[in-house]
J.: 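Sharing a structure below in structure tokens format, with a few things to ask.
In this chain, numbering begins with 1 at the start of the sequence shown.
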Amino acid sequence: MMLSIKAFESVLFKGGNERLVRELRKQRTWTLVENPKTHHEGVCLLVRLLLRSGLITPEIIQSLLPWVNSPSENHRVTSTAFLAQLMSDPMLREKKFLKPVLHILEEKSHDRNSIVRQMAVRGLGNLVYGVPEKLKKHKKFLMVILIRALSDPFSSEVIGESMKAVAKVLKELKEKDIGSSFRDLTQEIRTYFDNEDDALRLWSFVLFGILARLTKRKWKGYFAEQVRQSWVTLLLHLQDPNPRVSVECRATFHLCVPFLGLKRLQTAVNEHLDGTAELKPEELQVDICRHLAKENAELLENLYKNTIMYFFSRWEEIRAVAAKLAGIILEHTDRQRMKWLNLDHLLMSLQFLKKDPSPSVQLVATEVLNDICPGRVLGE
């Protein structure tokens, strides 16, 4: 590999591309290329810089195309990464490479090597940059492949790459362009709201927010129902253990509240989420409970039952938030009207949280229990 790099640099020097060689070294391109774990990223960076310098020719592309079907995984990774970056360049249109490259990337999205699949998905998303005017023509083709990649059973990297690609594509489309893919896409995205991978959780909230912006007429009723099934999850993840995820969740929650159809609640939420002021989650939760107690008992029940489920979240932060929210619900509503409330079950669940491995969860559970049953010795 080192000899190949030296030879390549020598060719570039002889061709008067000293500045490009310096840029390649500055961005540590060769270090990325040499490392098997980052080789594909190194190839993408290399191709990007070569395209910028006008050094990728149709002859070079033709010479690499046979590699995509090589029995060597290294060759398939290199060539697919090359094509993934090539997809972001107008050369595809000018040299009539678009159709064959799209066909290759579709095939490679099924490859047994996960990095090849990842690069194929990236390439399909890069169509937005290379040939944006062809996006609507190929939208159905793209969405089928990208939605399938969202459920890749073996690689979170493929899933994450697909989420990024879907985000690129959706930002260039309108609701009517998505067609029946809207339903499958929405359902698939929701499955990652509680994923243990921070990046997948973050991108799922980003995508759900993009769908909220897109939804106007055709899918409004359907998306409103998806929001009703998800809004408690969004509310709790406003205090996600990862700060970046909580920021994205805040933006998405704000976009989704109007779909609940409660104007007074929406106004209250806007007061908390508008602008850049620091969010005070407990005050937001109190306002939500007050408004639901007056406006929508069904949604209050939905809030309570979903909150209880998060007593068993994998994150201590979310368990603590859920316990606190359960206490707020009881504090600000009339228990006589809460026929769906099983107080014994709630007390038992809180007792369980008193023995949680996290001291902060134990403290919240104890405080809520004391508020529910003041003066009573619990757990004896």
J.: Under a 4.5 Å cut-off applied to non-hydrogen side-chain atoms, are Trp219 and Ile178 in contact?
T.: no
J.: Other hydrophobic cluster members with Phe154, side-chain heavy atoms of Ile/Leu/Val/Met/Phe/Trp/Tyr under 4.5 Å, chained?
T.: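 Traced through the cluster, Phe154 reaches no other member.
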J.: When you check the side-chain N and O atoms of Glu34 and Thr31, is any donor under 3.5 Å from an acceptor?
T.: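 No.
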J.: Test your reading of the model: is there a side-chain donor-acceptor pair from His75 to the backbone of Ser70, 3.5 Å cut-off?
T.: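 Looks like no, no N/O pair under 3.5 Å.
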J.: Between Arg183 and Tyr222, is NZ or CZ placed under 6.0 angstrom from the six-membered ring centre and within 45° of the ring axis?
T.: yes
J.: State, yes or no, whether a side-chain contact exists between Asn69 and Glu107 at a heavy-atom distance under 4.5 Å.
T.: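 Asn69 reaches Glu107 side chain to side chain.
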J.: With clusters defined by side-chain heavy atoms of hydrophobic residues (ILVMFWY) lying less than 4.5 Å apart, directly or transitively, does Leu65 cluster with Leu46?
T.: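 They do share one cluster, since a chain of ILVMFWY contacts under 4.5 Å joins Leu46 to Leu65.
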J.: Pair Ser313, Asp194 - check side chain to side chain contact (heavy atoms under 4.5 Å, CB included), show working.
T.: CA-CA 9 Å; Ser313 169; Asp194 289 311; 5.9 Å; no
J.: Looking at Glu367 and Lys354, is any side-chain nitrogen of the basic one under 4.0 Å from a carboxylate oxygen of the acidic one?
T.: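 No, no charged N to carboxylate O under 4.0 Å.
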J.: Please check this pair: side chain of Arg25 against backbone of Leu20, looking for a donor-acceptor N/O pair closer than 3.5 Å.
T.: no
J.: Verify side chain to side chain donor-acceptor pair (under 3.5 Å) between Ser109 and Arg148, making sure each step is shown before the conclusion.
T.: CA-CA 9 Å; Ser109 71; Arg148 187 190 69 239; 2.6 Å; yes
J.: Judged by atom type as modelled, is there a donor-acceptor pair below 3.5 Å linking the side chain of Arg319 to the main-chain atoms of Phe312?
T.: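 The answer is no, because no donor-acceptor pair under 3.5 Å joins these two groups.
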J.: Could you point out which residue of Leu150, Val166, Val121, Asp152 forms a side-chain contact (heavy atoms from CB on, under 4.5 Å) with Glu161?
T.: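 Single side-chain contact (heavy atoms from CB on, under 4.5 Å) partner of Glu161 among Leu150, Val166, Val121, Asp152: Val121.
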J.: Could you tell me whether the side chain of Ser162 and the main chain of Ile159 form a donor-acceptor pair under 3.5 Å?
T.: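 Here the side-chain-to-backbone pair does not exist.
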J.: Mark yes or no for whether Ser230, through its side chain, and Val227, through its backbone, hold a donor-acceptor pair below 3.5 Å.
T.: no
J.: With the threshold set at 4.0 Å, does a side-chain nitrogen-carboxylate oxygen contact exist between Arg76 and Asp111?
T.: yes
J.: Considering non-hydrogen atoms only, spot the tightest contact between Cys289 and Thr333 and give its length.
T.: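 Where Cys289 meets Thr333 most closely, the heavy atoms are O-CG2, 4.4 Å.
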J.: Just by distance, do the side chain of Lys108 and the backbone of Leu105 share a donor-acceptor pair under 3.5 Å?
T.: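 Checked: no pair found.
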J.: Leu83 and Val101: which non-hydrogen atoms are nearest, and at how many Å?
T.: CD2-CG2, 4.2 Å
J.: Any side-chain to backbone donor/acceptor pair from Glu175 onto Arg217? Under 3.5 Å, distance only.
T.: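 Yes.
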J.: Would you name the heavy atoms of Arg117 and Ser155 that are closest together and state the gap between them?
T.: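 The answer is NH2-CB, 4.0 Å.
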J.: Looking at Lys263 and Glu295, is there a salt bridge between them, counting it only when a charged N and a carboxylate O are closer than 4.0 Å?
T.: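 Between Lys263 and Glu295 there is no salt bridge, as every charged N stays at least 4.0 Å from the carboxylate O atoms.
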J.: Just by distance, with hydrogens left out, do Gln187 and Gln229 show a side-chain donor and acceptor under 3.5 Å apart?
T.: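 No - no donor-acceptor pair under 3.5 Å links their side chains.
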J.: Which atom pair, heavy atoms only, marks the closest approach of Ala323 to Val364?
T.: CB-CG1, 3.7 Å
J.: Would you call the rings of Phe182 and Phe223 parallel, tilted or perpendicular, where under 30° means parallel and over 60° means perpendicular?
T.: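 Phe182 and Phe223: perpendicular rings.
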J.: How about Gln226 and Arg190: do any of their side-chain heavy atoms sit closer than 4.5 Å?
T.: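 They are in side-chain contact.
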J.: Return the minimal non-hydrogen interatomic distance between Val158 and Ser114, and the atom names on each side.
T.: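 So the minimum-distance heavy-atom pair works out to CG2-O, 3.4 Å.
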J.: Would a distance-only check, ignoring hydrogens and angles, find a side-chain to backbone donor-acceptor pair under 3.5 Å from Ser53 to Leu50?
T.: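 No.
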J.: Quick one, Gln85 and Val43 - any side-chain contact, counting heavy atoms below 4.5 Å?
T.: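 A side-chain contact is absent here, since even the closest heavy-atom pair is not under 4.5 Å.
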J.: Are Val144 and Leu142 co-members of a hydrophobic cluster defined by side-chain heavy atoms under 4.5 Å apart?
T.: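 Leu142 and Val144: separate clusters.
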J.: Is the side chain of Gln362 donor-acceptor paired with the backbone N or O of Asp356 at a distance under 3.5 Å, no angle test?
T.: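 Flag set: sc Gln362 to bb Asp356 pair under 3.5 Å.
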J.: Between Asn302 and Trp231, is any side-chain donor less than 3.5 angstrom from a side-chain acceptor?
T.: yes
J.: Assess the residue pair Asn126 and Lys168 against the criterion (side chain to side chain donor-acceptor pair (under 3.5 Å)); give the C-alpha distance rounded to whole Å, side-chain angles, the decisive distance to 0.1 Å, and a yes or no.
T.: CA-CA 8 Å; Asn126 281 344; Lys168 294 175 191 175; 2.9 Å; yes
J.: Specify the closest pair of heavy atoms between Leu200 and Ser156, including all atoms of both residues, with the distance to one decimal.
T.: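 What the structure gives for the nearest pair is CD2-O, 3.8 Å.
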J.: Are there more than 12 heavy atoms of other residues, nucleotides or ligands under 6.0 Å from atom NE2 of His110?
T.: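 Result for NE2/His110: enclosed.
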J.: Which of parallel (below 30°), tilted (30 to 60°) and perpendicular (above 60°) describes Phe205 and His237?
T.: tilted
J.: Looking at His254 and Arg250, would you say the former's side chain and the latter's main chain have a donor-acceptor pair under 3.5 Å?
T.: no
J.: Which one of Phe193, Tyr192, Trp203 satisfies the ring-ring contact (aromatic ring centres under 6.0 Å, His included) criterion with Phe208?
T.: Phe193
